[in-house]
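Note that this is a predicted model, so its numbers are computed, not measured. Both backbone and side-chain heavy atoms feed into the values below; hydrogens, waters and symmetry mates do not.
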Amino acid sequence: MGLSVKNVKRVFSINQNDLEVLKDINLEIRDGEIISIVGGSGCGKSTLLKLIAGLDRPTGGEIRLDDKPIVKPDPQNIGMIFQEARLFPWSTVEKNIEFGMTDKLSKEEKAERVKEHIELVGLTGFEKALPAQLSGGMKQRVSIARGLINRPRLLLLDEPFGALDAFTKMNLQQEVLRIWEREHMTLILVTHDIDEAIYLGDRVVVMSPKPGVVKKIFSVELSRERDRTSADFAAYRRKVFDEFFERKEVDTDYSI
Amino acid sequence: MSTKKENALVRAQTIVGAAIIPVFVIGYWVVCSKKGILNTTILTSPEQLVARFLKMFSDGSLWKNIFSSTRRVLEGFTIGAFLGLVIGSLVGLFKPIRILLSAVISILRPIPPISMIPFFILWLGIGEESKLTIIAIGSFWSVLLNTIQGFQDTDPNLVEVADVFGKSKAVILFKIVLPSAIPSVFTGLRLGMSHAWTAVVTAEMIAASSGVGYMIQYARELSQPDLLLLGIVCIGIIGLIIDTVVMFIQKKVVYWRTIE
Ligand SMILES: Nc1ncnc2c1ncn2[C@@H]1O[C@H](COP(=O)(O)OP(=O)(O)OP(=O)(O)O)[C@@H](O)[C@H]1O
Ligand SMILES: [Mg+2]
C-alpha cells in the first residue's frame with residue numbers, strides 16, 4: 001500500500017527538441033508519510049507532482065497509488081496545492097475555498113466546513129473579499145484552505161508557503177502538522193526551504209536538475225516535536241546543505 | 001488605501017482637468033461671436049444655437065429625431081450583438097466551427113459597413129430594414145471578435161485546478177470559461193454600441209426622413225448652420241450618455257476588475 005513511483009521519466013519536446021525533465025525517478029512512499037522534496041529551480045519538482053496528481057502522464061515508468069496506476073485526477077484521494085494561488089478572481093474567498101469540496105454535503109455542512117478552514121488559515125473577516133483585495137500571502141492561504149478542505153489521503157503541496165512571511169509560514173506549518181496528526185494523510189511537500197523540509201519531512205528527497213533525478217534521500221530520525229534550534233536539527237541541515245554545495249561544484253562546468 | 005476625502009479630491013481634479021479644453025474652446029467661440037468676427041454662414045453663433053435648441057425642444061421636433069435614432073440604434077444593436085454573441089461563442093467554443101468560419105470572417109471583416117449601404121438599399125429598399133441592417137453589422141463585428149477573444153482568455157492554470165478537483169466539463173464551462181470571457185465580451189458590447197451609434201447617423205444621412213443624421217443632412221441642404229451644429233452636439237452628447245451607461249453596467253457585471 002502507499003504510493004509507488006517506478007522508473008518515471010518525462011520528456012517534453014520544445015520546438016522539436018526533446019527536453020528530458022525527469023529521469024528514472026523511483027520513490028516508495030508509505031501511507032501517512034511526510035516526504036519533503038528539495039531541489040533547484042527547474043529540476044522537475046512541479047512536473048513530478050503533476051504526474052502524481054494525474055494531471056500529466058509520464059513518458060516512461062509508472063505511478064501507482066495502492067497498486068492502482070494513476071491515469072487521471074482522483075479528487076477523492078489526491079489533493080493538490082499549487083505553487084501559485086490560482087484563485088478565481090470573480091469568486092469570494094468563501095466560494096474559492098468551497099470549490100475544493102467534492103463531497104456530497106448539505107448546504108449547512110458545507111458552510112460549516114468552509115468557516116472552519118477560513119479560521120484555520122487565519123482569514124476570518126475576509127470571507128466575502130475578492131482575490132484582488134488580498135495580499136499575495138493571503139491568496140496563498142486561501143489556496144491552502146481549498147487544498148485541505150477535501151481531506152485527501154494524499155496531499156501534494158508545491159511550495160505552498162513560499163510567498164509567506166516567516167511567522168505565517170511557521171503557523172501554517174504547525175497547522176498542517178496538526179491536521180496530519182489527526183488525519184494521517186500522506187504529504188508530499190515541495191520546497192526551497194531546507195529548514196522547512198527537515199522540520200516537516202519524515203524523509204527529505206534531494207533532486208538535481210538536467211535531467212531531474214533523485215540525488216539523495218535522507219531519513220529524518222527526529223521526534224515529531226522538532227526543535228529548529230537543536231543540534232540534531234542543525235546536523236541534518238548541514239547534511240542537506242552539503243548535498244547542494246556538491247552539486248554546485250559539479251555544475252560550475254555549465255555555468256554561464 | 002485612499003480615504004474618501006482623497007478620492008473626492010482626485011475625482012474633482014479629474015473633472016476640472018477634463019473640462020479645461022472644452023471650456024476654453026467654447027469661451028473662444030463665444031468671444032469671437034461677441035466681437036463679430038465669426039462667419040455665421042459657416043459657424044453659427046451661440047445665441048442662434050441656443051435659440052434653435054429651445055425652439056426644437058419646445059415644439060418636440062428635437063425629441064422626435066433623437067427618439068428615431070435611439071430606437072434604430074437599440075433595435076439594430078440588439079440584432080447585431082445577439083448574432084455576435086451567438087456566433088462568437090460557437091466559434092470560441094468549438095474548433096470545427098472556428099475552422100469553418102475563419103476564412104469567411106477574415107474576408108468580410110475588413111469591409112466597412114458604410115460601403116455596403118448601397119447594396120442594402122438595392123436589396124432591402126430605402127426603408128427601416130436597410131438602416132437596421134447597417135447598424136446591426138456595425139455592432140456585430142466588435143461583439144463577435146471580442147467574444148471569440150474572450151473564450152481564448154481562459155487561464156489553463158485555473159482549468160488545471162478544476163481538473164485536480166475532478167470537476168465536470170459543465171462546471172469548467174460555467175465557473176471558469178464563461179466568467180473569463182465576460183470582460184472581453186463587455187468590451188465588445190461597448191465598442192459595438194458606439195459603432196451602432198456611428199452607423200445610425202451615417203445611414204440616416206443617406207436615406208431617412210427622421211433622426212439626428214437626417215437632421216444634419218437636412219440642415220446642410222437648407223444651409224442652416226445652427227441646426228447643423230445642434231445635430232453634431234446631440235450626437236456627441238448622446239454618444240457620451242450611452243457610453244457612460246454601458247460603462248456603468250460593465251462595472252457592475254465585471255465587478256472583479258474594478259477593485260481599487
Ligand atoms: N508543459 C511543459 N512543456 C515544456 N516544458 C516544460 C513544461 N513543464 C515544465 N517544463 C520544463 O520542465 C523543467 C522543469 O519544470 P518544473 O516546473 O517541474 O520545475 P520546478 O522544479 O518545479 O522548478 P521551480 O522550483 O522553479 O518551481 C523546466 O525546464 C521547464 O521548462
Ligand atoms: Mg515548481
Is it the side chain or the backbone of [X] that comes within 4.5 Å of chain B heavy atoms, both, or neither?
X        : value
Leu87(A) : backbone
Lys95(A) : neither
Glu84(A) : side chain

> Does Phe99(A) offer a backbone N or O that forms a donor-acceptor pair with the side chain of Lys175(B) under 3.5 Å?
Replying inline: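 Such a contact is absent between Lys175(B) side chain and Phe99(A) backbone.
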Find the distance between [atom1] ([X]) and [atom2] ([Y]) and round it off to the nearest 0.5 Å.
X         : Y         : atom1 : atom2 : result
Glu160(B) : Met80(A)  : CD    : CE    : 7.0 Å
Asp74(A)  : Phe165(B) : CG    : CZ    : 12.5 Å
Arg86(A)  : Asp155(B) : CZ    : CG    : 7.5 Å

Crowded around [X] [atom1]? As in, over 12 foreign heavy atoms under 6.0 Å?
X         : atom1 : answer
Lys169(A) : NZ    : yes
Ile99(B)  : CD1   : yes
Phe12(A)  : CZ    : yes
Arg64(A)  : CZ    : yes

> Less than 4.5 Å apart, any side-chain heavy atom of Val161(B) and any of Arg146(A)?
Replying inline: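 They are in contact (side-chain heavy atoms under 4.5 Å apart), so the answer is yes.
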>> Need one label for Val171(B): side chain, backbone, both or neither, based on atoms under 4.5 Å from any heavy atom in chain A.
In response: side chain
> So which heavy atom on Pro89(A) is nearest to which on Leu158(B), and how close?
Replying inline: CD-CD1, 4.4 Å
>> For chain A, which candidate among Pro179(B), Gly166(B), Ser180(B) shows the most heavy-atom pairs at distances under 4.5 Å?
In response: Pro179(B)
>> Would Phe88(A) and Ile176(B) count as a side-chain contact (heavy atoms from CB on, under 4.5 Å) here? Give the steps.
In response: CA-CA 8 Å; Phe88(A) 302 134; Ile176(B) 300 175; 3.7 Å; yes
> Does the pair Val254(B) and Trp90(A) meet the rule for a side-chain contact (heavy atoms from CB on, under 4.5 Å), with working shown?
Replying inline: CA-CA 8 Å; Val254(B) 194; Trp90(A) 44 83; over 6 Å; no
